[in-house]
Amino acid sequence: MEKQELWQNVLSKIELDISRPSFLTWFQETGITHVDEGVATVCVPNAFVKEWLQNKFHKTILHALRTIAADIKDIQYVIGRPEGMRPLALASSELTRRRRTPITLDAGDESGSMKDLTVDPLTNLNPRYTFDTFVVGSFNELAHAAAQSVIKNPGTSYNPLFIYGDTGLGKTHLIQAIGNELLNKNIVYKIRYIPAEKYMGEIVDALKNQSMQQLKQKYRESDLLILDDIQSIARTEKMQEEFFHTFNALYERNRQIIISSDRPPHAIATLEQRLRSRFEGGMIADVGLPDLETRLLILKIKTNAKQVTVPEEVLRLIAEKVTKNIRELEGALNRIVVASKLSSAPMSVEVARKIIVSHAAAPKKFVSAKKIIKAVAEFYDMSETELLHRSRKQDVVKPRQIAMYLMREEMKSSFPSIGEKFGGRDHTTAIHSCEKVGKEILINPELHEEIRRIRETIFHEA
């Protein structure tokens, strides 16, 4: 049997055992270069795929190979491209047929006609992010319901869909699950997922290489564009301008746009009004903090995925003690599991409590005026120089007042010293700022939430 035929048969078997997004993500542009003394050499496109296949799919690949060629005993992986390999080595006759034969659907273009679209596996989607592993609770049910509506009617229901919430609460999981669900439904879609920071980097590179037209085409031909952490692009006018035109090009053709952020549009201080109005013209849904029972359910799902057994009372203790972040929840679980393995002792509530308390009781990190100014400036997407400058623009005055308030609250700084930090302002300015924020935070839940997030950043980075 020729090596190319052998690999196509292997892929046919693997495709039946794993999800379609995983198959398309990890097995494109792979092949066998040769078989020597019972060792098959599998060629992969890059180091990331090599590591993933070795760690996650090695047994699956080896089993499929040995089913077809019993003399193969092991596999080695190399980076490269085997001679004569097809552009995409997708094995099954059904997938191959799909790629040769255009599949049509109503893509809702400007003429209202049917449009031929072909499957594009290069989506940047992580196949692990699915709705099967996404826990729904009161804290995210609106965002989840909006996501389901988008899946049923992409480009028409809730366009754009704007999901916001604090770090570590599942926004990225949710927005990528939408893309993966559309792939699983065999909707032939050009899907692009990209973090805003990476998108900005691509724009910078395109400007340097004079390839902006190609970059524009790449994103404006999408049927679903998912942009993660949109607040990042608000730092510069050029980035906002480019995304504004991409947004319009997609929106006018009824292409679905999904955006995530750590705050709602109105709280992104330097976001241009024209972008803000477009975001607010769609569906805005928040992801909040999960309640106790939801946190407990998340932990149970995590233990199943890790294939470890943790007593119910230990899981409940973690859920009770870790309340603000799903990532921290998993981190606490990991620490307890590792500690149990290292000590070879059974997990108990007493041991788990000691681990959680010792982590929580770690010395608080030093907070300085510099760190507060940096955190506030980054939160409101402005430079530290702008924050310290004597500008009276409202989008600068508010962050400056919050920075003064935090210096007073967190550092117990005197009013004269606070004024001195901000360009030698009079102490009465600092008093006014602190009193103003202190009163407003009691009646304005949005301001309260903004300051809570800034505090988290300060203590996380301190």
Side-chain angles (χ1 to χ4, degrees), residues 1-101 103 118-134 173 176-177 179-191 193 304-307:
M1 183 183 298
E2 293 184 1
K3 59 190 179 185
Q4 185 170 348
E5 182 184 357
L6 171 62
W7 189 241
Q8 292 296 310
N9 289 336
V10 167
L11 291 182
S12 295
K13 289 183 174 297
I14 292 173
E15 185 190 354
L16 299 175
D17 296 330
I18 66 176
S19 70
R20 184 165 175 268
S22 291
F23 181 74
L24 293 174
T25 300
W26 302 114
F27 289 92
Q28 58 174 323
E29 297 185 9
T30 60
I32 289 182
T33 58
H34 61 275
V35 178
D36 185 24
E37 296 183 353
V39 178
T41 300
V42 174
C43 197
V44 299
N46 55 56
F48 185 57
V49 173
K50 177 183 176 183
E51 181 181 0
W52 194 267
L53 293 186
Q54 285 175 325
N55 295 336
K56 302 294 183 180
F57 290 113
H58 178 76
K59 290 182 180 179
T60 301
I61 299 170
L62 184 58
H63 176 73
L65 271 169
R66 297 186 69 177
T67 301
I68 301 166
D71 58 325
I72 294 178
K73 305 300 181 184
D74 202 1
I75 306 169
Q76 66 175 0
Y77 302 86
V78 297
I79 299 170
R81 184 183 178 89
E83 285 185 32
M85 192 187 74
R86 299 171 187 173
L88 285 173
L90 301 182
S92 75
S93 59
E94 174 63 14
L95 275 179
T96 305
R97 181 189 66 78
R98 285 179 187 163
R99 294 195 64 81
R100 285 200 300 261
T101 307
I103 305 175
T118 55
V119 172
D120 181 1
L122 304 177
T123 62
N124 287 330
L125 292 171
N126 186 330
R128 293 190 302 107
Y129 290 137
T130 68
F131 285 105
D132 291 339
T133 56
F134 186 79
H173 187 152
Q176 290 205 41
N180 282 320
E181 184 72 11
L182 289 174
L183 286 179
N184 285 332
K185 285 178 172 289
N186 290 325
I187 293 179
V188 190
Y189 244 37
K190 288 185 179 177
I191 299 175
Y193 164 82
N304 288 336
K306 297 174 188 297
Q307 297 183 334

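Since this is a predicted model, take the numbers as computed values, not measurements.
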Original post:
Can Val10 and Phe27 be said to form a side chain to side chain contact (heavy atoms under 4.5 Å, CB included), step by step?
Top reply: CA-CA 11 Å; Val10 167; Phe27 289 92; over 6 Å; no

**OP:** Please round to the nearest 0.5 Å and tell me the distance separating atom CD of Glu181 and atom CG of Asn184.
**Re:** 6.0 Å

Original post:
Which is it for Ile75 and Leu53 under the side chain to side chain contact (heavy atoms under 4.5 Å, CB included) test, yes or no, and what are the steps along the way?
Top reply: CA-CA 11 Å; Ile75 306 169; Leu53 293 186; over 6 Å; no

Subject >> Side-chain touch Trp7/Val42, heavy atoms, less than 4.5 angstrom >> reply: yes

Original post:
What's the spacing between Ile14 CD1 and Asn9 CG if we round to 0.5 Å?
Top reply: 11.0 Å

Original post:
Does Asn180 use its side chain to pair, donor to acceptor, with the backbone of Tyr129 at less than 3.5 Å?
Top reply: yes

**OP:** Return the minimal non-hydrogen interatomic distance between His173 and Thr130, and the atom names on each side.
**Re:** NE2-O, 2.8 Å

Subject >> Selection residues 63-79 - residue pairs positive for side-chain hydrogen bond (donor to acceptor under 3.5 Å, both in side chains), sequence neighbours left out >> reply: Thr41-Gln76, His58-Tyr77

Subject >> Separation of Leu65 CG from Thr60 OG1 (nearest 0.5 Å) >> reply: 11.0 Å

**OP:** Mark yes or no for whether His34, through its side chain, and Ala40, through its backbone, hold a donor-acceptor pair below 3.5 Å.
**Re:** no

Subject >> Option among Thr33, Val39, Ile32 that satisfies the side-chain contact (heavy atoms from CB on, under 4.5 Å) test with Val35 >> reply: Ile32

Original post:
Between atom CD of Glu37 and atom CD1 of Ile72, what is the distance when rounded to the nearest 0.5 Å?
Top reply: 13.5 Å

Original post:
Between CG of Leu125 and CG of Leu182, what distance do you get to the nearest 0.5 Å?
Top reply: 9.5 Å

